[in-house]
**Student:** 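Structure incoming, see below.
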Amino acid sequence: MYRSLSILTLAANRSTYLFLGASITFIGLGADILRNDPHPVFGSTQLLLVITGSIVFSVGLFPAIARHAIRFMSRQLNTINSIHEQRTLRLLSLSWPNISVAGSLLFFCFIAIVFFMDRLILGSDAPIRMHDAFETDWTRMKEMGRLVAEYGLFNWFPNIGAGVPANAYHYGPQHPVVLLSSFIPIWALYTAASITLMAAAGFGMYLLLRKYIALSQHAALMGGLLYCFNSQIQPSSLPHVVFNFVFPLFFILSFALITRRLTVTVRLTVVASLVLLTALSYVPLTLPIFSIFQILIIFLFKNEQDYSSTRLLIYTIAVWIAYCFYHLPIIYSLFEFLPYYHRDQALISEFFKPDFFTAIKGTFFQTTLQAGALPFLIACIPFAVRSCHVRKAIILVTVPLIIASVFSSNLSDALPSFITHLDLDHFSWTIPICLTILIAVLANEFRSRSPTPTICVFMALAIPIAILSIPIFLVVAQ
């Protein structure tokens with residue numbers, strides 16, 4: 001019987017998507033070739049056509065690939081009878097046995113050592129980062145360490161201009177790296193800090209996802225591994241700005257003390273670790289940003305021990321008050337030095353602060369592309385409809401994005417000068433942590449839910465975006 005092809009029938013036919021996608025991609029590739037300019041430029045019509053064509057083509061291609069893959073796996077599952085093959089399938093399906101805390105710590109330490117193997121081999125000849133590292137802080141720490149070795153602790157640092165108060169900065173002579181640099185080469189401290197912080201980033205994220213947000217082990221381990229590597233290419237991947245790496249670990253350690261099952265030895269280790277992380281941190285870049293960020297996580301996610309949010313909030317405030325007491329000499333010196341501190345806000349607003357929408361767009365694409373998270377944001381849309389955890393993770397990404405964009409745009413001109421001096425535009429440093437939590441939550445939800453047609457469509461949209469994001473990710477990472 002003859003049936004007329006309706007618009008709806010064409011839209012449901014995957015061949016339509018394959019034909020349209022291939023056609024649009026071909027037009028996009030051929031457009032500038034005919035003009036003797038075969039190089040796609042970001043923002044050009046050619047690249048827009050190629051992206052659109054790739055997405056449309058993938059929408060038609062993905063269901064067929066998924067269907068054949070499911071059929072193939074079903075046939076394979078029916079043939080598995082031996083115990084060895086069942087164990088292999090268990091490993092491939094990420095149904096791993098429980099990994100101890102010590103085992104996960106050793107795993108991330110191994111990853112960090114392999115990642116920085118070139119520095120361990122080259123020693124003092126290993127490459128270093130100059131911008132915002134050895135041109136500023138590490139050389140200053142080395143010089144302060146020399147003065148400490150010769151004269152002991154001091155309150156006046158004479159090597160900058162006519163001299164400045166020693167504690168009127170991110171750190172003072174009592175900083176652990178300053179003290180160690182008096183007898184350990186600074187390049188060795190830089191290498192040790194890079195390896196330790198990378199391992200701490202992955203280990204802390206694993207504990208945060210596993211112990212606090214209570215995700216499955218495979219999702220927590222994936223999130224820890226992802227943040228372990230992303231911590232090295234985040235917007236401020238500086239080893240001396242330690243909380244960009246260790247905040248997840250600080251977060252989980254700060255609540256470990258209220259856990260009743262810990263032994264005295266473990267409690268003393270937790271306290272010593274908290275004191276060390278506090279001593280290594282930069283007060284102006286840590287206190288106003290990560291204290292607010294910790295409270296935000298508490299309000300959004302309820303931990304597995306079922307402590308009330310009020311109790312966790314009170315305990316968090318107590319931890320950060322203790323942080324302030326530890327750094328009281330630096331905080332006092334900074335306030336005392338404030339009348340001599342000058343920043344031309346009008347000049348900064350005129351030349352360096354765009355409007356809010358430009359700022360939020362720039363911050364969003366910089367952080368998501370740098371973390372390789374853009375395709376995951378597309379894929380999380382259908383899960384956000386049904387999953388409360390995914391919606392909370394999206395809110396966790398959105399709030400720091402808005403705060404960072406407000407303080408990096410001309411909207412900050414309407415705020416009191418005291419608030420603008422807090423540099424809350426650095427809230428963008430927390431976005432890689434938020435994106436990692438979102439990806440881990442998404443992986444946990446994807447494993448626990450059967451794929452629906454809507455999920456398949458959004459996954460099909462995410463695949464070409466992931467492929468097109470690879471060169472951008474590599475350029476930004478370099």
**Student:** Please collect all salt bridge (charged side-chain N to carboxylate O under 4.0 Å, His left out) contacts where either partner lies in residues 229-251, sequence neighbours excluded, each pair once.
**Tutor:**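 Non-adjacent pairs meeting salt bridge (charged side-chain N to carboxylate O under 4.0 Å, His left out): zero.
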**Student:** Mind listing the side-chain donor-acceptor pairs of residues 326-338 below 3.5 Å, one per line with the distance, residues two or more places apart or on another chain?
**Tutor:**
unit_1	atom_1	unit_2	atom_2	d
His327	NE2	Thr278	O	2.6
Ser333	OG	Pro329	O	2.8

**Student:** Sequence neighbours left out, what passes side chain to side chain donor-acceptor pair (under 3.5 Å) with Asn167? Give chain and number order.
**Tutor:** Gln174
**Student:** With sequence neighbours left out, what residues match Ala318 under side-chain contact (heavy atoms from CB on, under 4.5 Å)?
**Tutor:**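 If we apply the side-chain contact (heavy atoms from CB on, under 4.5 Å) test to Ala318, skipping adjacent residues, there are no hits.
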**Student:** Run the side-chain contact (heavy atoms from CB on, under 4.5 Å) check on Cys228 and Met205 step by step: do they pass?
**Tutor:** CA-CA 8 Å; Cys228 183; Met205 181 59 71; over 6 Å; no
**Student:** Using residues 177-186 as the side-chain source, report each donor-acceptor pair under 3.5 Å to any protein atom, sequence neighbours left out, with the distance given to one decimal.
**Tutor:**
unit_1	atom_1	unit_2	atom_2	d
Ser181	OG	Met141	O	3.2
Ser181	OG	Val177	O	3.2
Ser181	OG	Val178	O	2.8
Ser182	OG	Leu179	O	2.6

**Student:** For residues 146-172, which residue pairs qualify under salt bridge (charged side-chain N to carboxylate O under 4.0 Å, His left out), counting only residues two or more places apart or in two chains?
**Tutor:**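 Residue pairs with at least one partner in residues 146-172: Glu143-Arg146, Arg146-Glu150.
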**Student:** Enumerate the residue pairs fulfilling side-chain hydrogen bond (donor to acceptor under 3.5 Å, both in side chains) with a member in residues 376-385, sequence neighbours excluded, ordered by first and then second residue.
**Tutor:**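 Matches after skipping sequence neighbours: none remain.
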**Student:** What about the rings of Tyr323 and Trp320, do their centers lie closer together than 6.0 Å?
**Tutor:** yes
**Student:** Please name all residues satisfying side chain to side chain donor-acceptor pair (under 3.5 Å) with Tyr282, sequence neighbours left out, ordered by chain then number.
**Tutor:**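 Scan of Tyr282 (side chain to side chain donor-acceptor pair (under 3.5 Å), adjacent residues dropped) gives Asp137.
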**Student:** Report the residues that fulfil side chain to side chain donor-acceptor pair (under 3.5 Å) with Thr363, sequence neighbours left out, ordered by chain and then residue number.
**Tutor:** none
**Student:** Which donor-acceptor pairs under 3.5 Å do side chains of residues 392-406 form with protein atoms, sequence neighbours excluded?
**Tutor:**
unit_1	atom_1	unit_2	atom_2	d
Lys392	NZ	Leu300	O	3.2
Thr398	OG1	Ile394	O	2.8
Ser405	OG	Leu401	O	2.7

**Student:** Using the benzene-type ring in the case of Trp, are the ring centres of Phe301 and Tyr212 under 6.0 Å apart?
**Tutor:**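 Not close enough - the centres of the two rings lie 6.0 Å or further apart.
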**Student:** Answer yes if the ring centres of Phe290 and Phe251 are under 6.0 angstrom apart, and no otherwise.
**Tutor:** no
**Student:** Sequence neighbours left out, what passes side-chain contact (heavy atoms from CB on, under 4.5 Å) with Ile121? Give chain and number order.
**Tutor:**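 side-chain contact (heavy atoms from CB on, under 4.5 Å) check on Ile121 returns Met117.
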**Student:** Quick one: list whatever passes side chain to side chain donor-acceptor pair (under 3.5 Å) with His240, sequence neighbours left out.
**Tutor:** Trp138
